[in-house]
Amino acid sequence: DAKTTQPNSMESNEEEPVHLPCNHSTISGTDYIHWYRQLPSQGPEYVIHGLTSNVNNRMASLAIAEDRKSSTLILHRATLRDAAVYYCISHSGAGSYQLTFGKGTKLSVIP
Amino acid sequence: DGGITQSPKYLFRKEGQNVTLSCEQNLNHDAMYWYRQDPGQGLRLIYYSQIVNDFQKGDIAEGYSVSREKKESFPLTVTSAQKNPTAFYLCASSYRESNQPQHFGDGTRLSIL
C-alpha cells in the first residue's frame with residue numbers, strides 16, 4: 001500500500017464546499033483510494049473509494065488526478081455533522097485486507 | 001438494521017488480568033478485524049480473520065489473542081502480556097472480495113486500574 005500525505009487540519013464554513021486533499025505519489029496501478037471519517041469516540045465510517053475515474057455517492061465526491069498521484073475528497077455542502085478526522089488510504093486489495101490509517105485531516109466546520 | 005456491536009463500551013483491567021472484548025456482526029460479512037487506536041493516532045491492525053476458524057496476525061499482535069468460531073463473532077482477548085493495553089479498540093467487518101469497505105463498531109475503551 002502506498003504512503004499517503006494529508007494536511008493535519010482544515011477549516012470550513014458551514015454550507016460551503018470542502019476540498020480535502022491527499023497525496024499518494026507512490027501509488028501503484030492497482031491501488032484503490034479509500035476515504036473514511038471518524039467522529040470523536042466513534043469508529044471510522046466509510047465515505048467513498050475509487051480507482052481511476054471520479055466517483056460520487058450520497059455522502060461525497062472523489063476526484064482522482066489523471067496521474068493518480070493525488071486525490072481530493074469533496075463535501076459539497078459542509079454541515080456541523082461533517083466535523084471529523086478524515087483518513088485517505090491507499091489499498092492494494094490484492095490479497096491484502098489491511099487498511100493502513102495515518103493521522104488524517106481534522107476538519108473543523110464553523111457555524 | 002445490520003451492524004457491528006462492540007461491548008462493553010468501557011472496560012477496566014487490573015494488573016495481571018486477561019480481559020475479553022466482544023465483537024458481533026449481523027452483516028453476513030466473512031472478514032473481521034481488530035484495530036487499536038492510541039490518542040491522536042491512526043488505527044493499527046491487531047488481528048484479522050477472513051473466514052471461520054482462521055485468523056492472521058496484524059502489525060501489533062503481541063499480547064493479544066483472538067478466536068473465530070462463528071461467522072458473526074470475533075472476540076479479542078487482551079492478555080497480561082500486553083504491557084500497555086490502555087487504548088481505544090475497534091472491530092470491523094467486510095466482505096472478502098478485494099477493496100470492499102470495512103464497517104466499524106463504536107469501539108471499546110480499555111483502561112488500566
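Lettering of chains follows the sequences in order, A, B, ..., and the numbering in each one begins at 1. These numbers come from a predicted model, not from an experiment.
When the shell of 6.0 Å around NZ of B:Lys71 is examined, it contains more than 12 heavy atoms from other residues, nucleotides or ligands. For A:Glu11, the CD atom is loosely surrounded, since the number of other residues' heavy atoms within 6.0 Å does not exceed 12. Within a 6.0 Å sphere centred on CD of B:Gln17, other residues, nucleotides and ligands contribute more than 12 heavy atoms. Other residues, nucleotides and ligands place no more than 12 heavy atoms under 6.0 Å from the CG atom of A:Asn8.
Follow the hydrophobic side-chain contacts under 4.5 Å out from A:Val85 and you reach B:Phe104 in the same cluster. Note on B:Val52 and B:Phe55: separate hydrophobic clusters, where clusters join Ile, Leu, Val, Met, Phe, Trp and Tyr whose side-chain heavy atoms are under 4.5 Å apart, directly or indirectly. By the rule that hydrophobic residues join a cluster once side-chain heavy atoms approach within less than 4.5 Å of another member, B:Phe88 and B:Leu76 end up as members of separate clusters. The hydrophobic clustering, which links ILVMFWY residues whose side-chain heavy atoms are closer than 4.5 Å, places B:Leu45 and B:Leu90 together.
Contact annotation for B:Leu43: both backbone and side-chain heavy atoms come within less than 4.5 Å of a heavy atom of chain A. With a 4.5 Å cut-off on non-hydrogen atoms, B:Arg109 touches chain A through its side chain but not through its backbone. Interface remark: B:Gln37 contributes side-chain atoms only to the contact with chain A (heavy atom separation under 4.5 Å).
Taking all atoms of both residues into account, the shortest heavy-atom contact from B:Gln102 to A:Tyr36 is N-OH, 2.8 Å.
Proximity to chain B among residues 38-51 of chain A is limited to A:Gln38, A:Ser41, A:Gln42, A:Gly43, A:Pro44, A:Tyr46, A:His49, judged by heavy-atom separations below 4.5 angstrom.
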Test side-chain contact (heavy atoms from CB on, under 4.5 Å) applied to B:Tyr35 and A:Leu99, step by step = CA-CA 10 Å; B:Tyr35 292 89; A:Leu99 294 177; 3.7 Å; yes

